[in-house]
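Please read all numbers here as calculations on a predicted model, not as lab measurements.
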Amino acid sequence: MPLAIAVESPLQDEVRALIADLNDYLLSLTPPEGCHHLTVEQMARPDTTVFVVRDGGKAIGCGALKRHADGIGEVKRMWTNPAYQGRGIGGQVLDRIIALAKQEGLTKLVLETGDRHPAAWRIYERAGFRRCGPVLDYPDVHWSVFYEKELERTPA
C-alpha cells in the first residue's frame, strides 16, 4: 500500500504521539529555550494546516503550514518516524506545504530549524529555500538556522 499524505486534525492520539516523538528528538539536540514547538492544540487552530503521512493507516510523518500576516507562511513540525527517514517523505510533505501556500496566494515561506539538523537543511535547500537571518519573532541564537523561499502564486 502506498503512502498517503492528507490534511488531518492533529488532535488524534496517533498524531499526538508522533508530535511527542518529534519533541523528544528535538529536545535531545537543542536546549528547551531553543525549541519553538507548536502544541497539537496550537496546530489545530484555523491558521494552521497539518499534513499527516500514513503507511497502511499508521501515522509516520507530518508537517504543517502556519499562516502569518503580510502573505507569509511558516513551515512547522516537519517530522518523519526514524524507521521511514531517507525515503524522501519529508520532501513530499514540504512539496504539499509549498503547493498549498502558493494556491492560497502566500508570497513567502519561512522556517526555523536547528543547527544540528543537516538532513532537514538538505530537504529545504533542494526545495529552493535559502538561508537567511532571523524570521518572524524568533531570536537570533546560535542553535537556530533560518530559511526563506519566495513564492509565485499558483492558479487555483
Side-chain angles (χ1 to χ4, degrees), residues 3 5-55 58-101 104 106 108-127 129-149 151:
L3 296 178
I5 303 173
V7 174
E8 294 189 27
S9 168
L11 300 175
Q12 305 170 69
D13 289 344
E14 206 175 4
V15 179
R16 286 179 185 275
L18 197 64
I19 297 302
D21 290 344
L22 168 59
N23 292 343
D24 290 346
Y25 173 73
L26 294 175
L27 287 167
S28 76
L29 297 175
T30 306
E33 63 272 18
C35 292
H36 308 284
H37 303 167
L38 285 182
T39 66
V40 289
E41 290 76 19
Q42 291 169 320
M43 293 168 67
R45 292 180 182 162
D47 66 353
T48 304
T49 299
V50 178
F51 291 93
V52 176
V53 183
R54 292 187 178 271
D55 180 19
K58 176 184 175 189
I60 56 105
C62 60
L65 170 63
K66 179 173 173 43
R67 294 152 192 90
H68 295 272
D70 301 321
I72 297 173
E74 181 181 10
V75 177
K76 294 292 289 182
R77 309 312 342 237
M78 292 286 293
W79 174 247
T80 303
N81 178 299
Y84 291 84
Q85 290 176 2
R87 300 182 191 181
I89 295 168
Q92 292 176 48
V93 173
L94 187 59
D95 288 346
R96 296 289 292 272
I97 291 169
I98 293 167
L100 178 60
E104 291 183 2
L106 299 180
K108 182 190 283 191
L109 282 175
V110 298
L111 64 91
E112 180 274 342
T113 190
D115 67 334
R116 298 174 67 193
H117 303 281
W121 306 340
R122 285 189 296 276
I123 292 168
Y124 301 132
E125 290 168 6
R126 276 190 221 124
F129 284 78
R130 63 186 205 299
R131 285 196 185 199
C132 62
V135 298
L136 303 170
D137 60 354
Y138 290 103
D140 188 5
V141 293
H142 73 275
W143 51 72
S144 286
V145 175
F146 302 97
Y147 282 92
E148 67 183 358
K149 178 181 175 75
L151 300 177

*Measuring from Arg16:CZ to Thr39:OG1, what's the distance to the nearest 0.5 Å?*
8.5 Å
*asked:* Tell me whether Lys66 contacts the main-chain N or O of Val75 through its side chain, where contact means a donor paired with an acceptor under 3.5 Å.
replied: no
*Might you point out which heavy atoms bring Gly73 and Leu106 nearest each other, and give the distance in Å?*
CA-CD1, 3.8 Å
*Which heavy-atom pair separates Ala101 from Leu151 by the least distance, and what is that distance?*
CB-CD1, 3.6 Å
*Hey, are Glu148 and Arg131 close enough for a salt bridge, meaning a charged N less than 4.0 Å from a carboxylate O?*
no
_Counterpart residues, side chain to side chain contact (heavy atoms under 4.5 Å, CB included), relative to Ala17 (two or more places apart)_ = none
_Taking Leu29's backbone N and O only, do any of them form a donor-acceptor pair with Arg116's side chain (distance below 3.5 Å, no angle check)?_
yes
_Taking every non-hydrogen atom, the tightest pair across Pro82 and Trp79_ = CD-CZ2, 3.7 Å
_Spacing of CG belonging to Leu65 relative to CG belonging to Leu111, to within rounding of 0.5 Å_ = 11.5 Å
*Rounded to the nearest 0.5 Å, what separation is found between the CG atom of Leu18 and the CG atom of Asn23?*
10.0 Å
*How long is the span from the CG atom in Leu26 to the OG1 atom in Thr113, to the nearest 0.5 Å?*
7.5 Å
*asked:* I'd like to check the ring-ring contact (aromatic ring centres under 6.0 Å, His included) partners of Tyr84; sequence neighbours left out, ordered by chain and number.
replied: none
_Distance (rounded to the nearest 0.5 Å) between Gln12 CD and Ile19 CD1_ = 11.0 Å
*Side chains of Arg67 and Thr49: is there a donor and an acceptor less than 3.5 Å apart?*
yes
_Could you walk me through whether Val52 and Val50 satisfy the side-chain contact (heavy atoms from CB on, under 4.5 Å) test, starting with their C-alpha distance in whole Å, then the side-chain angles of each, then the deciding distance to 0.1 Å, before giving a yes or no?_
CA-CA 6 Å; Val52 176; Val50 178; 4.1 Å; yes
*Measuring from Asp21:CG to Ile60:CD1, what's the distance to the nearest 0.5 Å?*
12.0 Å
_Salt-bridge contact Arg130-Glu125 (side-chain N to carboxylate O under 4.0 Å)_ = no
*Spell out, as yes or no, whether a donor-acceptor pair under 3.5 Å connects the side chain of Arg96 to the backbone of Ile5.*
yes
*Spell out, as yes or no, whether a donor-acceptor pair under 3.5 Å connects the side chain of Asp70 to the backbone of Ile72.*
no
*Would you name the heavy atoms of Pro32 and Leu27 that are closest together and state the gap between them?*
CA-CD2, 3.7 Å
*Compare every heavy atom of Val53 with every heavy atom of Cys62, then report the nearest pair and how far apart it is.*
N-CG2, 4.4 Å
Hey, can you pull the donor-acceptor pairs under 3.5 Å for the side chains in residues 134-144, sequence neighbours left out?
from   : atom 1 : to     : atom 2 : distance (Å)
Tyr138 : OH     : Glu74  : OE2    : 2.2
Tyr138 : OH     : Lys76  : NZ     : 3.0
Ser144 : OG     : Glu112 : OE2    : 2.7

*Met43 and Arg77: side-chain contact (heavy atoms from CB on, under 4.5 Å), yes or no, with the steps?*
CA-CA 9 Å; Met43 293 168 67; Arg77 309 312 342 237; 3.7 Å; yes
*Would you confirm whether the ring centroid of Phe129 sits within less than 6.0 angstrom of the ring centroid of Trp121?*
no
_Heavy-atom pair of closest approach, residues Pro10 and Ala44_ = CG-N, 3.7 Å
*Heavy-atom side-chain contact between Asp95 and Val93 under 4.5 Å*: no
